[in-house]
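Values below: all heavy atoms of this structure, side chains included; hydrogens, waters and symmetry mates excluded. Proteins get letters first, then strands, A, B, ... in listed order; numbering begins at 1 in each.
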Number of protein chains: 2
Amino acid sequence: MSTAPSQTSAASEAWLLMSRLFQANRGHFFAACSEVDLSPPQVIALRSLRPDDPMPMSELAGLMHCDNSNVTGIVDRLEDRRLVVRQAGTRDRRVKYLLVTKEGIAVRARLEELLGHAPEPLLSLSPAEQRQLAALLRKAVGESV
Amino acid sequence: MSTAPSQTSAASEAWLLMSRLFQANRGHFFAACSEVDLSPPQVIALRSLRPDDPMPMSELAGLMHCDNSNVTGIVDRLEDRRLVVRQAGTRDRRVKYLLVTKEGIAVRARLEELLGHAPEPLLSLSPAEQRQLAALLRKAVGESV
DNA sequence: ACCAATGGTTGAAGTTGGCAACGATCGCCT
DNA sequence: AGGCGATCGTTGCCAACTTCAACCATTGGT
């Protein structure tokens with residue numbers, strides 16, 4: 001009351017708490033990686049690929065914030081595992097589109113099962129609080145991301 | 001409205017939105033890493049070390065969910081940069097405690113300046129909504145993490 | 001038909017990551 | 001006191017990740 005909170009302090013606190021939530025959840029992520037026997041970058045790549053929407057290699061590189069040549073190696077190994085297929089574009093034959101195979105879709109589903117549900121701390125909130133939280137985040141993040 | 005939301009759907013939606021927020025913010029993280037000229041694991045390690053609380057190598061390995069031998073290499077490079085110092089324990093001479101040097105503290109401060117504030121979507125909420133969000137997260141995460 | 005620009009690959013060098021083996025140290029046990 | 005299993009950090013090995021520069025194929029404009 002005596003210390004007027006700066007305009008950003010509540011948002012910063014929320015951000016810090018979310019960061020802690022993620023940090024605490026990283027163990028689950030690594031466990032999921034070894035469960036499907038893929039490295040973390042391979043899992044991130046596979047989860048980024050929508051089965052119904054072929055993606056150029058360079059777009060994946062952008063999503064993963066890394067070099068094109070890096071994606072080449074990661075996709076090589078995903079292709080060795082038959083989870084992904086490269087398909088040369090028709091309009092522009094330089095770009096190669098990434099398709100998720102049937103096996104890839106299955107692994108994606110398994111990963112979503114392992115990683116898609118909320119971590120325990122969020123589930124400890126009452127249903128009303130959960131809805132309130134989701135509504136706030138929806139308003140903040142919305143379509144912007 | 002016709003489909004009654006399952007008990008966990010609101011929490012899952014909140015989790016998904018938080019994940020998107022993190023994904024969208026990863027660019028800032030990499031930018032901060034190159035700004036201080038450290039690799040992502042080095043930044044994670046340095047941020048994990050409280051300057052006032054020396055930490056054993058193995059504890060850092062636990063925090064980072066990786067092998068002890070991995071931390072050896074990361075700390076080697078941090079020590080080359082004079083950001084961290086190893087100090088053998090007195091009670092148990094097997095463990096080596098990690099101390100943050102003055103330069104390390106400065107880099108940590110710079111990183112906190114770059115990464116500590118909330119990302120733009122959270123700031124778009126009104127102050128009241130920010131407080132509401134922080135309160136919900138505080139209740140969920142609390143001391144558990 | 002040239003020519004700069006783009007998408008993806010290759011090669012080199014350094015970092016990360018896990019695993020097995022090792023040396024040093026500790027705690028316990030007799 | 002001495003011995004012995006367990007623990008902490010390091011080293012060596014190898015696979016994967018990451019960036020950078022160089023390269024090839026292809027594109028679009030001139």
Side-chain angles (χ1 to χ4, degrees), chain A residues 23 26-49 54-81 83-99 107, chain B residues 26-27 29-49 54-81 83-99 107:
Chain A
Q23 165 62 21
R26 210 186 291 207
H28 295 316
F29 176 71
F30 289 125
C33 289
S34 66
E35 151 95 22
V36 298
D37 194 34
L38 290 174
S39 70
Q42 287 165 6
V43 166
I44 294 174
L46 186 55
R47 288 187 86 198
S48 303
L49 295 175
M55 181 186 290
M57 309 264 302
S58 48
E59 187 177 338
L60 180 57
L63 281 179
M64 296 181 67
H65 300 286
C66 71
D67 197 81
N68 274 354
S69 62
N70 197 356
V71 176
T72 295
I74 294 171
V75 169
D76 279 348
R77 295 177 261 287
L78 285 177
E79 209 170 18
D80 290 345
R81 290 277 300 268
L83 304 178
V84 161
V85 177
R86 274 178 251 233
Q87 190 185 56
T90 55
R91 203 196 65 197
D92 184 339
R93 282 204 308 266
R94 289 173 303 177
V95 337
K96 293 185 182 170
Y97 290 92
L98 298 173
L99 308 188
V107 173
Chain B
R26 210 184 297 205
F29 177 70
F30 289 124
C33 290
S34 67
E35 151 95 22
V36 298
D37 194 33
L38 290 175
S39 70
Q42 288 166 3
V43 166
I44 294 173
L46 186 56
R47 289 187 86 197
S48 303
L49 295 174
M55 181 185 292
M57 310 263 303
S58 48
E59 188 178 337
L60 181 56
L63 282 179
M64 296 181 67
H65 300 285
C66 70
D67 197 79
N68 273 355
S69 62
N70 198 354
V71 176
T72 295
I74 293 171
V75 169
D76 279 349
R77 284 157 211 119
L78 285 177
E79 208 170 19
D80 290 346
R81 289 276 300 268
L83 303 178
V84 160
V85 177
R86 274 177 251 233
Q87 189 185 56
T90 55
R91 205 196 65 196
D92 184 341
R93 284 206 305 266
R94 290 173 301 180
V95 338
K96 294 185 181 168
Y97 291 91
L98 299 173
L99 309 187
V107 173

Atom-pair distance ([atom1] on [X]; [atom2] on [N]), nearest Å:
X        : N       : atom1 : atom2 : answer
Met57(B) : dG17(C) : CE    : P     : 14 Å
Arg81(B) : dT15(C) : CZ    : P     : 11 Å
Leu98(B) : dC8(D)  : CG    : P     : 14 Å
Asp76(B) : dT15(C) : CG    : C1'   : 12 Å
Leu60(B) : dT10(D) : CG    : P     : 11 Å

Can you measure from [atom1] ([X]) to [atom2] ([Y]) and round to the nearest 0.5 angstrom?
X        : Y        : atom1 : atom2 : answer
Leu49(A) : Leu63(A) : CG    : CG    : 8.5 Å
Thr72(A) : Lys96(A) : OG1   : NZ    : 8.0 Å
Leu60(B) : Asn68(B) : CG    : CG    : 9.5 Å

Hey, is the main chain of Cys33(B) close enough, under 3.5 Å, to the side chain of Gln42(B) for a donor-acceptor pair?
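It does not hold such a pair.
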
Indicate yes or no for a side-chain donor-acceptor contact from Arg81(B) to the backbone of Asp37(B) under 3.5 Å, with no hydrogens or angles considered.
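Pair found, side chain donor or acceptor close to backbone of Asp37(B).
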
Can you name the nearest heavy-atom pair linking Glu79(B) to Val84(B), along with the distance?
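Minimum heavy-atom separation between Glu79(B) and Val84(B): CG-O, 3.3 Å.
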
Any side-chain heavy atom of Leu98(B) within less than 4.5 Å of one from Met57(B)?
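They are in side-chain contact.
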
For residues Met64(B) and Asn70(B), determine if any side-chain heavy atom of one lies less than 4.5 Å from a side-chain heavy atom of the other.
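Of all side-chain heavy-atom pairs linking Asn70(B) with Met64(B), none is under 4.5 Å.
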
Just the table, please: protein N/O against nucleotides 24-30 of chain D N/O, every pair under 3.5 Å.
| from | atom 1 | to | atom 2 | distance (Å) |
| --- | --- | --- | --- | --- |
| dT26(D) | O2 | Arg94(A) | NH1 | 3.3 |
| dT27(D) | OP1 | Arg93(A) | N | 3.2 |

Could I get a table of every N or O pair under 3.5 Å where one atom is in the protein and the other is in nucleotides 15-19 of chain D?
| from | atom 1 | to | atom 2 | distance (Å) |
| --- | --- | --- | --- | --- |
| dC17(D) | OP1 | Ser39(A) | OG | 2.3 |
| dC17(D) | OP1 | Gln42(A) | NE2 | 3.4 |
| dC17(D) | OP2 | Arg77(A) | NE | 2.3 |
| dC17(D) | OP2 | Arg77(A) | NH2 | 2.7 |
| dT18(D) | OP2 | Asn70(A) | ND2 | 3.2 |
| dT18(D) | O5' | Asn70(A) | ND2 | 3.0 |
| dT19(D) | OP2 | Asp67(A) | N | 3.0 |

Which of the following nucleotides, dG8(C), dC8(D), dT9(C), is nearest to the side chain of Val95(B)?
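The answer is dC8(D).
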
Taking only heavy atoms on the protein side, list every residue of residues 26-38 of chain A lying under 4.0 Å from any atom of DNA chain D, sorted numerically.
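Those residues: none at all.
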
